[in-house]
Visitor: 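This is the structure, below, for whatever I ask next.
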Amino acid sequence: MSGKRSKSSPVSEPAEAPMIRRFGAIEINEASRIVLREGRPVATEPKTFDLLVALARRAGQVWTRDELLDMLWPGRIVSDSVLAKSVVKARAALGEADAGVLRTVHGVGYRLDTSVDSRPATDGVAPGAAEAPGLRSGDTVTDRGHWRLQRRLADGGDVWLAQHDKTAALRVFKFALDDAGREALRREVTLNRLLRDSYPEHDAFVLISDWNFETRPAYLEMPWFGAGNLAAWLQQRGGVGTLPLAQRIELLAQAAEAVALAHAVGVIHRDLKAANLLIDEREGKPPRIVVTDFGAGLLTEPERLEALEITRMDLSAVSQSSPAGTYAAIAPEVMAGQPQTSASDVYALGVLLYQLCAGDLRRPLAPGWERHIDDELLREDIAAAADHDPQHRLAGAALLAQRLRSLAERHAQRRAEPAAAQRLATAEAALASARLRRRW
């Protein structure tokens, strides 16, 4: 279809009170404009959110392309490709398990092919959630009047880039609009303090410089990394495959080293993925990995908090048992109901290593994955890190980093093995021949 369409009257949906709509693992809160997937906020652009709401309101019915274009961009001439991109983003927000319910009706439009449960947005939500204000570009940060929100970042949840009115400095603010989100922020601050205090000489973890849990919405303040996260950075450069393989391996080794530091003080990340690895790109220096988002993390050695004089209140914020993480990177034992451990993080690193080597961050580690990896040693490293059985998995993230760092030496050793074996065979044959001559 062309970029123009007839100027029909915009589709008007009957006015109704904000609702909470649920299907599969998805919950859409029209009041707070939040999409939850398996209980965790999912970053959605405004048009993507409006598209999901429209589809959920008329679940099972077809929206034509013109109807959606008129509703989402009233009075504007917009190409079908813009709508198609919003549909792609909507499927990404729904996640692997539920993306299939957003169906394309070829030649007509789109349909949400599932049943949807709806209830008023003020009925049964977490205490205080209904009062939490929605966030919009141009808003100022609560109790920080000189910081003004610029745009929502695609890092998950309500994460915003803000600019200081006077200095033009940039910061990232991560907000929580309900009580559950506030507890996740408290947990993230606690683990971040533990990591920063345990490793004051390291900058492998993002610095949380300030926070506010007293007023709504609660927030964390963090530095702004202009290059974005690993996934966004690679996309801006033209895709994973445009980066030399050696540099991809180097970035993964940096991530593994940071995770090993966290494990050494009892911190398990539980949601390792490209979106949670920031790129620190400074002039004259190679890009460097900075690990962020410990909001789903666990602490296996709470006594370390007391040793560093981190309060008991923060200690209570880090106890949780429900599994977390991106579906494709969740270890098999966790899917089977076992608790997440440091071995689960190693599995996630193995999946990410495979995706980086294969040149596709969305590629699952499915049977036959070896066909996409030409390097024999990398195949061995991926298999060892992402072994189905945690007992046979690499012993730790530090060992994975060590193997990747020594890849060139291991290749040289592997190439030397046939020659050494040939020399040994020749020597044994010569010895056998000498023995035979002596016998004669």
Side-chain angles (χ1 to χ4, degrees), residues 155 184 187-209 220 222-223 225 227 229-230 247-282 285-310 314-315 317-318 320 324-326 329 331 339-353 356 381 384-386 390 393-407:
D155 296 282
R187 180 165 52 249
E188 189 167 356
V189 168
T190 303
L191 296 181
N192 186 263
R193 289 178 61 192
L194 172 60
L195 292 169
R196 301 287 300 195
D197 290 355
S198 300
Y199 302 107
E201 74 283 7
H202 284 281
D203 51 6
F205 309 103
V206 70
L207 170 65
I208 298 177
S209 56
L220 309 179
M222 297 172 285
F225 291 83
N229 61 47
L230 177 58
Q247 194 170 358
R248 289 177 250 166
I249 294 172
E250 165 62 22
L251 293 174
L252 197 283
Q254 292 180 21
E257 288 171 341
V259 171
L261 292 175
H263 289 174
V265 293
V267 176
I268 303 171
H269 190 284
R270 302 210 310 159
D271 194 14
L272 289 169
K273 56 186 177 183
N276 287 335
L277 302 177
L278 301 176
I279 295 291
D280 184 6
E281 197 172 33
R282 304 182 188 183
K285 294 185 177 181
R288 182 178 60 87
I289 288 290
V290 180
V291 181
T292 188
D293 195 359
F294 283 85
L298 286 178
L299 181 60
T300 61
E301 302 175 28
E303 62 274 9
R304 290 183 179 271
L305 295 177
E306 298 179 5
L308 293 171
E309 298 183 353
I310 299 176
D314 290 332
L315 176 63
V318 299
Q320 62 173 10
T326 303
Q340 285 173 290
T341 65
S342 59
S344 310
D345 279 355
V346 173
Y347 181 88
L349 288 171
V351 172
L352 183 55
L353 174 61
L356 287 171
D381 293 340
R393 204 170 292 159
L394 278 182
L399 182 55
L400 175 60
Q402 178 184 345
R403 290 174 69 144
L404 295 178
R405 294 281 192 209
S406 61
L407 193 60

Visitor: Does any N or O in the side chain of His202 come within less than 3.5 Å of the main-chain N or O of Ala204, such that one atom is a donor and the other an acceptor?
Guide: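 Such a contact is absent between His202 side chain and Ala204 backbone.
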Visitor: Which distance, rounded to the nearest 0.5 Å, do you find between the CG of Leu356 and the CD of Glu250?
Guide: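 If we round to the nearest 0.5 Å, Leu356:CG and Glu250:CD are 12.0 Å apart.
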Visitor: For residues Val259 and Leu400, determine if any side-chain heavy atom of one lies less than 4.5 Å from a side-chain heavy atom of the other.
Guide: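 Contact flag for Val259/Leu400 side chains = no.
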Visitor: Counting N and O atoms only, with roles assigned by atom type, does the side chain of Ser344 sit under 3.5 Å from a partner on the main chain of Thr341, one being a donor and the other an acceptor?
Guide: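 Present.
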Visitor: If you measure from CG on Leu404 to CG on Leu252, what distance do you get to the nearest 0.5 Å?
Guide: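 Answer rounded to 0.5 Å: 6.0 Å.
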Visitor: Would you give the length of the straight line joining atom CG of Leu394 to atom CG of Leu399, rounded to the nearest 0.5 angstrom?
Guide: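 Rounded to the nearest 0.5 Å, the CG-CG separation comes out at 5.0 Å.
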Visitor: Where is the tightest heavy-atom contact between Ala397 and Ala256, given as atom of each residue plus distance?
Guide: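 Closest approach of Ala397 to Ala256: CB-O, 3.4 Å.
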Visitor: Do Arg270 side-chain atoms and Gly297 backbone N/O form a donor-acceptor pair below 3.5 Å?
Guide: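 Checking the backbone N and O of Gly297 against the side chain of Arg270, no donor-acceptor pair under 3.5 Å is found.
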Visitor: Could you walk me through whether Leu195 and Phe294 pass the side chain to side chain contact (heavy atoms under 4.5 Å, CB included) check?
Guide: CA-CA 10 Å; Leu195 292 169; Phe294 283 85; 3.6 Å; yes
Visitor: Is it true that a side-chain atom of Arg196 and a backbone atom of Phe205 form a donor plus acceptor pair closer than 3.5 Å?
Guide: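 Pair found, side chain donor or acceptor close to backbone of Phe205.
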Visitor: Run the side chain to side chain contact (heavy atoms under 4.5 Å, CB included) test on Ile279 and Asn229 for me, step by step, so that the C-alpha distance in whole Å, both residues' side-chain angles and the decisive distance to 0.1 Å come before the verdict.
Guide: CA-CA 6 Å; Ile279 295 291; Asn229 61 47; over 6 Å; no
Visitor: If you compare all heavy atoms of Val291 against all heavy atoms of Ala258, which two are closest, and at what distance to 0.1 Å?
Guide: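 Distance-wise, the nearest heavy atoms are CG2-CB, 3.6 Å.
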Visitor: Determine yes or no for a side-chain-to-main-chain donor-acceptor pair under 3.5 angstrom, with Tyr347 supplying the side chain and Ala329 the backbone.
Guide: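 No, Tyr347 side chain to Ala329 backbone: no donor-acceptor pair under 3.5 Å.
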Visitor: Identify the heavy atoms of Met222 and Ile208 that sit nearest to each other, and give their distance.
Guide: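 For Met222 versus Ile208, the nearest heavy atoms are CG-CG1, 4.0 Å.
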Visitor: Of all heavy-atom pairs between Gln254 and Pro287, which one has the smallest distance, and what is that distance?
Guide: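 Minimum heavy-atom separation between Gln254 and Pro287: NE2-O, 3.7 Å.
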Visitor: Could you report the tightest heavy-atom contact between Val290 and Val206, atom names first, then the distance?
Guide: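 The answer is CG1-N, 3.3 Å.
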Visitor: Is a side-chain donor or acceptor of Asn276 paired with a backbone partner of Asp271 at a separation under 3.5 angstrom?
Guide: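 Looks like yes, one N/O pair under 3.5 Å.
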Visitor: Between Arg288 and Asp203, does at least one N-O distance fall below 4.0 Å, as a salt bridge requires?
Guide: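 Result for this pair is yes, salt bridge flagged.
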Visitor: Rounded to the nearest 0.5 Å, what separation is found between the CD atom of Glu188 and the CZ atom of Arg193?
Guide: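 So the gap between those two atoms works out to 14.0 Å.
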Visitor: Measuring from His263:NE2 to Ile268:CD1, what's the distance to the nearest 0.5 Å?
Guide: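 With rounding to 0.5 Å, NE2 (His263) is 6.0 Å from CD1 (Ile268).
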Visitor: Provide the closest heavy-atom pair for Val265 versus Leu194 in the form atom of the first, atom of the second, distance.
Guide: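 Taking every non-hydrogen atom into account, O-CD2, 4.0 Å.
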Visitor: Kindly compute the distance separating CG (Leu230) from CG (Leu278), expressed to the nearest 0.5 Å.
Guide: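 It is 9.5 Å, given to the nearest 0.5 Å.
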Visitor: Any heavy-atom pair between the side chains of Leu277 and Leu352 that's under 4.5 Å?
Guide: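 Result yes, sub-4.5 Å side-chain heavy-atom pair found.
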